[in-house]
Amino acid sequence: MSQEQEDQEPKRVKFPLDSNSYKILNEIGVGVSAVVYKAVCIPMNSTVVAIKSIDLDQSRADFDNLRWETKTMSLLSHPNILKAHCSFIVGSRLWVVMPFMSAGSLQSIISSSFPDGLPEPCIAVVLKETLNALSYLHNQGHLHRDIKAGNILIDSNGRVKLADFGVSASIYESITGRGWGQSSCSSRLMLTDVAGTPYWMAPEVIHSHTGYSFKADIWSLGITALELAHGRPPLSHLPLSKSLIVKITKRFRFSDYEKHKKDKSKKFSKAFKDIVASCLDQDPSKRPSAEKLLKHPFFKNCKGLDLLVKNVLNGLPSVEERFKENKALYGLDIKGSDNAEEEDEEEKCDNEIVKIRRISGWNFNEEGFELHPVFPTDDSLVKQVRFGGESIIQDKKVELSESGESGGDSSGGIGDIEGSKGKGDREIGGFVDKETMVGGLMVLKKSLDEQRQKVANLIVMLGGEVSRDEQLVQAVERLSMELENEKHKNFELEMELEFLKHLISGAYNGCGT
Ligand SMILES: Nc1ncnc2c1ncn2[C@@H]1O[C@H](COP(=O)(O)OP(=O)(O)OP(=O)(O)O)[C@@H](O)[C@H]1O
């Protein structure tokens with residue numbers, strides 16, 4: 001049986017829709033609002049499966065996302081995309097039954113066995129397989145919106161599959177469909193809501209008022225390449241919330257990132273640096289499409305899946321062992337990170353009273369294989385503002401880059417960066433304004449809400465109880481958030497209506513003349 005046939009086989013088999021037919025074996029992962037288990041499906045010859053058990057109590061908005069995730073997964077069919085067997089409700093949770101990918105996610109592999117990153121030829125295989133999935137998704141009009149090593153799974157044969165469609169979006173979905181923010185811009189449909197995981201998020205997603213499209217996934221793929229190469233994505237030595245503030249506001253030297261890289265002597269090929277640089281172009285229109293990236297010389301001598309089996313999977317502890325180990329090592333921070341380092345960093349940030357300048361964009365330095373921030377040069381153009389107890393220097397004058405697919409020279413208004421702008425830098429556009437800050441803060445708020453929920457889930461999981469008062473506060477907050485979302489959606493619909501009215505009256509007047 002060919003790989004493709006084998007991958008599509010589960011489609012024809014009907015998995016039972018009741019929890020009694022499954023026997024949970026081990027916990028293998030924890031996401032923001034989900035726990036993932038290894039289990040067997042008893043009536044189906046005890047076939048091993050993975051069950052993602054998602055807490056539905058979180059919010060209605062999340063339920064929409066979950067419905068979308070399962071719907072999307074069921075409609076897509078590609079050898080590099082993880083397709084769910086079935087899903088059903090168990091009490092207040094949604095169970096999504098999936099094929100068991102025995103090696104787990106690339107993130108869990110790296111954090112347990114390759115802390116300094118994978119060998120370059122292995123990265124090539126992973127990126128190529130992921131690009132196959134992305135090329136298919138984009139051709140179908142879907143954005144994944146959460147590309148990262150944690151969402152790339154591997155099985156025992158080295159097969160690579162893209163998973164987790166919780167925040168994916170269809171660019172063709174009508175505005176009245178799932179209710180995502182979309183704006184029509186120069187006859188293209190662009191998404192405008194902030195979604196994804198901050199470290200991997202494309203600049204135009206954080207600046208989401210400008211709209212973003214398929215190329216946002218390509219940026220995240222570039223960050224994933226750095227994650228696979230160095231063992232962690234840029235800025236990840238900081239907690240999510242802090243990294244975001246730093247990303248949008250603070251003078252950040254990539255020597256900070258260097259400091260956190262464990263293997264400083266690692267060398268990468270020119271082709272690898274070039275492909276990552278092209279993914280990390282600030283101007284989305286200059287990033288190649290997934291299809292084009294597949295033709296990049298980096299993949300010319302790309303090996304088969306066996307390479308992953310020999311060099312990555314061989315001797316790797318099982319996904320359940322790794323999960324247990326991580327849990328013991330890092331406690332609450334199941335995904336694994338240097339807590340002490342983070343706290344240290346956080347404290348440093350909190351105590352910082354020096355003036356912080358906002359960055360106006362990012363340069364990818366091909367030679368150093370790093371992202372460099374770009375700062376506005378003219379200090380007279382900045383003023384000091386207070387933000388959450390920190391001093392932040394905010395630009396008075398805003399340099400707006402030409403964003404979107406129409407291209408344009410994005411280098412305007414960007415000056416030199418002290419000691420960081422090297423040969424091979426790609427100049428990127430600068431746009432820092434109030435809306436940027438609001439966009440960033442919205443991501444930050446989302447991240448804090450998610451972290452809060454995660455902690456509450458873990459308390460319950462570990463047998464603790466969330467007090468009645470706390471539950472009530474959470475319920476009120478959830479409802480307020482829903483109300484805010486509804487208000488936001490209504491506002492968007494009104495704007496869309498106004499825009500349509502404007503178009504219709506324009507067309508009508510045009511006909512009359
Ligand atoms: N089908 C699967 N087979 C094997 N392991 C899996 C499977 N699905 C998930 N896992 C493991 O469970 C972990 C958690 O997965 P999950 O999708 O809930 O969260 P995540 O994508 O890591 O986090 P987030 O909530 O930020 O998206 C993964 O990192 C992976 O190791």
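Note that ligands are numbered from 1 as they come in the structure, with each ligand's atoms numbered from 1 the same way. No hydrogens, no waters, no symmetry mates; every other heavy atom, side chains included, goes into these values.
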Item to complete: Between Ile51, Ile28, Val49, flag the one that comes closest to atom 5 (N) of ligand 1 by a heavy atom.
Response: Ile28
Discussion item. Out of all atoms in ligand 1, which are within 4.0 Å of some heavy atom of Lys148? Include the element for each.
Written reply: 24 (P), 26 (O), 27 (O)
Item to complete: For the pair Lys52 and Asp164, find out whether any cationic side-chain nitrogen is under 4.0 Å from an anionic carboxylate oxygen.
Response: yes
Worksheet item: Going by the angle between their ring planes, with limits at 30° and 60°, are Trp95 and Tyr22 parallel, tilted or perpendicular?
Response: perpendicular
Worksheet item: Hey, does Lys38 sit under 4.0 Å from ligand 1 if you only count heavy atoms?
Response: no
Worksheet entry | Within reach of ligand 1, part of Lys161 (heavy-atom separation under 4.0 Å) | neither
Discussion item. Any heavy-atom pair between the side chains of Val97 and Phe88 that's under 4.5 Å?
Written reply: yes
Worksheet item: Do Phe298 and Leu127 have side chains that get closer than 4.5 Å, going by heavy atoms?
Response: yes
Worksheet item: Which option out of Gly29, Pro99, Ala34 puts a heavy atom nearest to atom 12 (O) of ligand 1?
Response: Gly29
Discussion item. So does Asn80 get a backbone contact from the side chain of Lys161, meaning a donor-acceptor N/O pair under 3.5 Å?
Written reply: no
Fill in: Reported CZ-to-CD1 distance for the pair Phe272 and Ile123, which is rounded to 0.5 angstrom
4.0 Å
Discussion item. Can a donor-acceptor pair be found, under 3.5 Å and without considering hydrogens, that links the side chain of Thr224 to the backbone of Ser220?
Written reply: yes
Item to complete: Measure from the ring center of Phe268 to the ring center of His230 and say whether it is less than 6.0 Å.
Response: yes
Worksheet item: With a 4.0 Å cut-off on heavy atoms, does Lys52 reach ligand 1?
Response: yes
Discussion item. Using heavy atoms and a 4.0 Å limit, tell me yes or no: is Ala163 in contact with ligand 1?
Written reply: no
Worksheet item: Under 3.5 Å, N or O to N or O, is Ser102 touching ligand 1 that way?
Response: no
Item to complete: Determine whether the side chains of Asp18 and Ser21 contain a donor N or O and an acceptor N or O closer than 3.5 Å.
Response: yes
Response to the item:
The atoms of ligand 1 lying under 4.0 Å from a heavy atom of Ala50, numbered in the order shown, are 1 (N), 2 (C), 3 (N)
Practice prompt. For ligand 1, indicate whether the residue Leu153 contacts it via side chain, backbone, both or neither (heavy-atom separation under 4.0 Å).
Written response: side chain
Item to complete: Report the part of Ser108 (side chain from C-beta onward, or backbone N, CA, C, O) that has a heavy atom under 4.0 Å from ligand 1; answer both or neither where that applies.
Response: side chain
Practice prompt. Taking only heavy atoms of Met98 into account, list the atoms of ligand 1 that are under 4.0 Å away from them.
Written response: 1 (N), 8 (N)
Worksheet item: Any heavy atom of Leu82 sitting closer than 4.0 Å to ligand 1?
Response: yes
